[in-house]
**Student:** 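This structure is in structure tokens; I'll ask about it shortly.
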Amino acid sequence: METDNRKEQIIKAAIKRFSHFGIGKTTMNEIAEDSSISKGNIYYYFPDKNALNTEVVKELLKQFDQLAKQRTLKCTTTIESLQEIQVARKIFFEKYHMLHIFEGI
């Protein structure tokens with residue numbers, strides 16, 4: 001249980017830092033500081049920054065899926081659903097534009 005909480009804490013700190021400064025300009029030291037977890041412990045959960053990036057992408061895709069489902073819940077037509085998914089996409093990409101991990105999608 002605590003392992004999951006720490007991983008989640010690290011991922012949230014990484015998303016916040018990546019969203020503000022971008023992935024390339026964020027160091028593991030900064031993520032460690034933001035998450036109040038030592039850099040060594042971060043490497044216990046994620047062997048390198050790429051492994052952390054992978055988990056960040058998984059979490060963001062999960063968030064987008066939840067947002068899209070929430071927005072399309074009351075839609076009655078396919079067109080309406082597609083429009084709401086477009087709105088969800090716009091909201092999501094505006095929030096996470098600094099990540100640059102979804103370019104080309």
**Student:** Using every non-hydrogen atom in the two residues, find where Tyr96 and Ser19 come nearest and quote the distance to one decimal.
**Tutor:** CD2-OG, 3.1 Å
**Student:** First locate atom NE2 of His20, then atom CD of Glu30, and finally report the distance between them rounded to the nearest 0.5 Å.
**Tutor:** 10.5 Å
**Student:** Does Ile31 share a hydrophobic cluster with Phe21, counting links as ILVMFWY side-chain heavy atoms below 4.5 Å and allowing steps through other members?
**Tutor:** no
**Student:** Could you work out, with ring pair (Phe, Tyr, Trp, His ring centres under 6.0 Å) as the rule, every residue matching Phe46, not counting sequence neighbours?
**Tutor:** none
**Student:** Side chains of Lys16 and Asp34: does their closest heavy-atom pair fall under 4.5 Å?
**Tutor:** no
**Student:** Any chance you could measure Gln9, atom CD, to Ile42, atom CD1, to the nearest 0.5 Å?
**Tutor:** 9.0 Å
**Student:** Spell out, as yes or no, whether a donor-acceptor pair under 3.5 Å connects the side chain of Glu80 to the backbone of Thr76.
**Tutor:** yes
**Student:** Within this structure, what is the CG-CD1 distance for the pair Asn53 and Ile11, rounded to the nearest 0.5 Å?
**Tutor:** 11.0 Å
**Student:** If you measure from OG on Ser36 to CZ on Arg6, what distance do you get to the nearest 0.5 Å?
**Tutor:** 10.5 Å
**Student:** How close do Thr26 and Arg17 get, counting heavy atoms only, and between which atoms?
**Tutor:** CG2-CG, 2.9 Å
**Student:** Listed by chain and number, what are the side chain to side chain contact (heavy atoms under 4.5 Å, CB included) partners of Ile91, not counting sequence neighbours?
**Tutor:** Leu67, Arg71, Val87
**Student:** Who pairs with Lys25 by side-chain hydrogen bond (donor to acceptor under 3.5 Å, both in side chains), at least two apart in sequence or on another chain?
**Tutor:** none
**Student:** Say you draw a straight line from NZ of Lys39 to OG1 of Thr27; how long is it, rounded to the nearest 0.5 Å?
**Tutor:** 7.0 Å
**Student:** Nearest 0.5 Å, what's the OH-CD1 distance between Tyr43 and Ile10?
**Tutor:** 11.5 Å
**Student:** In this structure, are over 12 heavy atoms from other groups packed under 6.0 Å from Lys49 atom NZ?
**Tutor:** yes
**Student:** Taking all non-hydrogen atoms of both residues into account, name the closest pair between Ala32 and Ser38 and its distance.
**Tutor:** CB-C, 4.0 Å
**Student:** Between Glu84 (side chain only) and Thr72 (backbone N and O only), is there a donor and an acceptor less than 3.5 Å apart?
**Tutor:** no
**Student:** Take Glu55 and Tyr45 through the test side chain to side chain donor-acceptor pair (under 3.5 Å) and record every step on the way to the result.
**Tutor:** CA-CA 11 Å; Glu55 292 303 313; Tyr45 296 105; over 6 Å; no
**Student:** Looking only at the side chains, is there a donor atom on one of Gln70 and Gln66 sitting less than 3.5 Å from an acceptor on the other?
**Tutor:** no
**Student:** Might you point out which heavy atoms bring Val56 and Phe18 nearest each other, and give the distance in Å?
**Tutor:** CG2-CE1, 3.9 Å
